[in-house]
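What follows is one structure encoded as structure tokens, with my remarks underneath.
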Amino acid sequence: MQRKVPELSVGQVWNGPDIPDSAKGWDNDAAIHALVDDLAARRNPLDTARTRIVEFANGLPRDQVNDKMLLLFQGLFDTLNRERIQVISGISRYAGKQREIADDLRKEAARVDAMRGKPDTDPDDLDRANERLTWETRIFQERVQSLTYVCEVPTIIEQRLYSLSKTIGQSMLKQ
């Protein structure tokens, strides 16, 4: 369990120099934009992404390294933070739907219990209602398990951003 923090701040993942306002225009640089898209994709292994950062920094003219690294950081921060916000929003919607399903299951269970208590209940109707309740309960429980997994995604995104930010900072030239 972790506390819900809807949006990250730069200070949580960056301990390098101040990010200039001009870095907000990172998406105007086609090379930075393409690299951000590649590095942000969780399907790409983290080690590969860190290597790509170092290679990118090493391929830059010395006088551009720090400026480009700051652009890269800002792009990754914006992209991964936005992705994380979307995931958290989706988790909230999913959890809300789960609450609705839980309420419906309680009502259905009460209805099935009431059917059991009536002596004139058709046994076939009771069997069908019980099967439906069992099936819906199973689906609910599987969704609970999925929610547990999905709740790990924001942390995975944070860890990726922190790791890549650290590599960016290490790739900058000391002044």
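In what follows, every heavy atom counts, from backbone to side chain, and hydrogens, waters and symmetry copies are set aside. Quantities reported herein were computed from a predicted structural model and do not represent experimental measurements.
Counted by atom type alone, T48 and R52 present zero donor-acceptor pairs between their side chains at under 3.5 Å. R116 and N130 share a donor-acceptor pair across their side chains, judged by distance under 3.5 Å alone.
Listed by chain and number, the residues in a side chain to side chain donor-acceptor pair (under 3.5 Å) with R62 amount to none (sequence neighbours excluded). Residues passing the side chain to side chain donor-acceptor pair (under 3.5 Å) test with E108 are R111, R132, sequence neighbours excluded. Under the rule for a side chain to side chain contact (heavy atoms under 4.5 Å, CB included), the partners of D125 that lie at least two apart in sequence or sit in another chain are M115, D122, R128.
For W14 and F73, the gap between ring centers is short of 6.0 Å.
The number of heavy atoms from other shown groups lying within 6.0 Å of CG (N15) does not exceed 12. Counting heavy atoms of neighbouring residues, nucleotides and ligands inside a 6.0 Å radius, atom CG of D18 does not exceed 12 of them.
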Quiz item: Can S9 and Q12 be said to form a side-chain contact (heavy atoms from CB on, under 4.5 Å), step by step?
Solution: CA-CA 6 Å; S9 69; Q12 289 174 283; 3.4 Å; yes

Quiz item: side-chain contact (heavy atoms from CB on, under 4.5 Å) between E158 and V13: does it pass, once the steps are laid out?
Solution: CA-CA 8 Å; E158 290 168 34; V13 294; 5.9 Å; no

Quiz prompt | Derivation of the side-chain contact (heavy atoms from CB on, under 4.5 Å) call for R50 and D47 | solution = CA-CA 5 Å; R50 287 192 295 250; D47 288 340; 2.2 Å; yes

Exercise. Would you check, one step at a time, whether the test side-chain hydrogen bond (donor to acceptor under 3.5 Å, both in side chains) holds for T134 with R138?
Key: CA-CA 6 Å; T134 300; R138 181 177 173 196; over 6 Å; no

Quiz item: For L39 and L35, what are the C-alpha separation, side-chain angles and deciding distance, and is it a side-chain contact (heavy atoms from CB on, under 4.5 Å)?
Solution: CA-CA 6 Å; L39 298 174; L35 187 56; 3.6 Å; yes

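Cluster membership for L133 and W135, using ILVMFWY side-chain heavy atoms within less than 4.5 angstrom, is not shared. The same ILVMFWY cluster, assembled from side-chain heavy atoms under 4.5 Å apart, contains both L161 and V153. A continuous path of Ile, Leu, Val, Met, Phe, Trp and Tyr side chains, each step under 4.5 Å between heavy atoms, connects F77 with V87, placing both in one hydrophobic cluster. Side-chain heavy atoms closer than 4.5 Å link hydrophobic residues (I, L, V, M, F, W, Y) into clusters, and following such links, even through other members, never connects L105 to Y94. Both I19 and L72 are part of a single hydrophobic cluster, where members link through side-chain heavy atoms under 4.5 Å apart.
Note: T167 OG1 to M172 CE = 13.0 Å, rounded to the nearest 0.5 Å. Once rounded to the nearest 0.5 Å, the distance linking CG of L8 with CG of N81 reads 4.5 Å. To the nearest 0.5 Å, the span separating CD1 on I101 from CZ on R143 amounts to 4.0 Å. Distance CG/D63 to CG/D67: 8.5 Å, rounded to 0.5 Å. Separating the CD atom in E152 from the CG atom in L147 is a distance of 10.5 Å, to the nearest 0.5 Å. The CD atom of Q74 sits 9.5 Å away from the OG atom of S22 when rounded to the nearest 0.5 Å.
Between the T79 side chain and the G75 main chain, a donor and an acceptor come within less than 3.5 Å of each other. In this structure a side-chain-to-backbone donor-acceptor pair under 3.5 Å is missing from T121 to G117. For the pair N66 (side chain) and L173 (backbone), a donor-acceptor distance under 3.5 Å is present. Using modelled atom types, no side-chain atom of N44 and backbone atom of A49 make a donor-acceptor pair closer than 3.5 Å. In this structure, the side chain of S146 engages the main chain of E142 through a donor-acceptor pair within 3.5 Å.
P20 and L70 get closest at one heavy-atom pair: CD-CD1, 3.8 Å. Heavy atoms only, all atoms of each residue included: S171 and M69 are closest at CB-SD, 4.0 Å. What you find for A40 and L76 is that their closest heavy atoms are N-CD2, 3.9 Å. Here the shortest heavy-atom pairing between L46 and L164 reads CD1-CD2, 3.8 Å. Taking all atoms of both residues into account, the shortest heavy-atom contact from L71 to W26 is O-CB, 3.4 Å. Contact record, L80 with I157: O-CG2, 3.5 Å, taken as the closest heavy-atom pair.
With respect to the salt-bridge test (charged N to carboxylate O, under 4.0 angstrom), the residues D78 and K24 do not qualify. The pair R42-E83 meets the salt-bridge criterion, with a side-chain N (NZ, NE, NH1 or NH2) lying under 4.0 Å from an Asp/Glu carboxylate O.
Tested against D103 for a side chain to side chain donor-acceptor pair (under 3.5 Å), the candidates R99, R106, K107 yield a single pass: R106.
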